[in-house]
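Reading through the structure tokens given below for one structure.
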Amino acid sequence: MSACTTCGACCACFRVEFSVYEMDLAGGTVPASLAHEVNGNTWRMNGTGAVPIRCTALTGTVGEQVGCSIYPLRPAPCHELTEGSEACARARSKLGLPALGTH
């Protein structure tokens, strides 16, 4: 089982910005109701633009059990952040979660 299903730190730490072309209204997959325009070419997931950060697509309790309500539709930055990566470790550390592989 992926540690991501009990973590969610990345969804509660990082700004998620992506191309307008990923929006469903432009032929992409990200639902327009969950993001807003930053400028003509860039959109941001709601909840990730100001502290405290928590993406509106994140469900559950960070560090316990989480999910993404749009997992198959999520934008590129979410696909690119991988379990165990440096960014993952930074997010987990910021929220006081142990590094992966640490007991």
Restricting to non-hydrogen atoms, name the atom on [X] and the atom on [Y] that form the minimum distance, rounded to 0.1 Å.
X: Glu22; Y: Pro75; answer: OE1-CA, 3.1 Å
X: Ala9; Y: Leu97; answer: CB-CD1, 4.2 Å
X: Ser2; Y: Glu83; answer: OG-OE1, 2.7 Å
X: Cys13; Y: Lys94; answer: SG-CD, 3.8 Å

Problem set entry | Cluster companions of Val16 among Ile, Leu, Val, Met, Phe, Trp, Tyr (side-chain spacing under 4.5 Å) | Phe18, Val20, Tyr21, Met23, Leu25, Val30, Leu34, Trp43, Met45, Ile70, Leu73

Seminar exercise, completed: Note: with side-chain heavy atoms under 4.5 Å as the link, the other cluster members for Ile53 come out as none

To the nearest 0.5 Å, how far apart are [atom1] in [X] and [atom2] in [Y]?
X: Leu100; Y: Arg92; atom1: CG; atom2: CZ; answer: 4.0 Å
X: Cys68; Y: Arg74; atom1: SG; atom2: CZ; answer: 7.0 Å
X: Cys78; Y: Tyr71; atom1: SG; atom2: OH; answer: 10.0 Å
X: Thr42; Y: His36; atom1: OG1; atom2: NE2; answer: 11.0 Å

Tabulate below the donor-acceptor pairs under 3.5 Å that side-chain atoms of residues 57-67 make, not counting sequence neighbours, or state none.
{"residue": "Thr59", "atom": "OG1", "partner": "Gly67", "partner atom": "N", "Å": "3.4"}
{"residue": "Thr59", "atom": "OG1", "partner": "Gly67", "partner atom": "O", "Å": "3.2"}

Exercise. Would a 4.5 Å heavy-atom cut-off, applied to side chains only, mark Leu81 and Cys88 as touching?
Worked result: yes

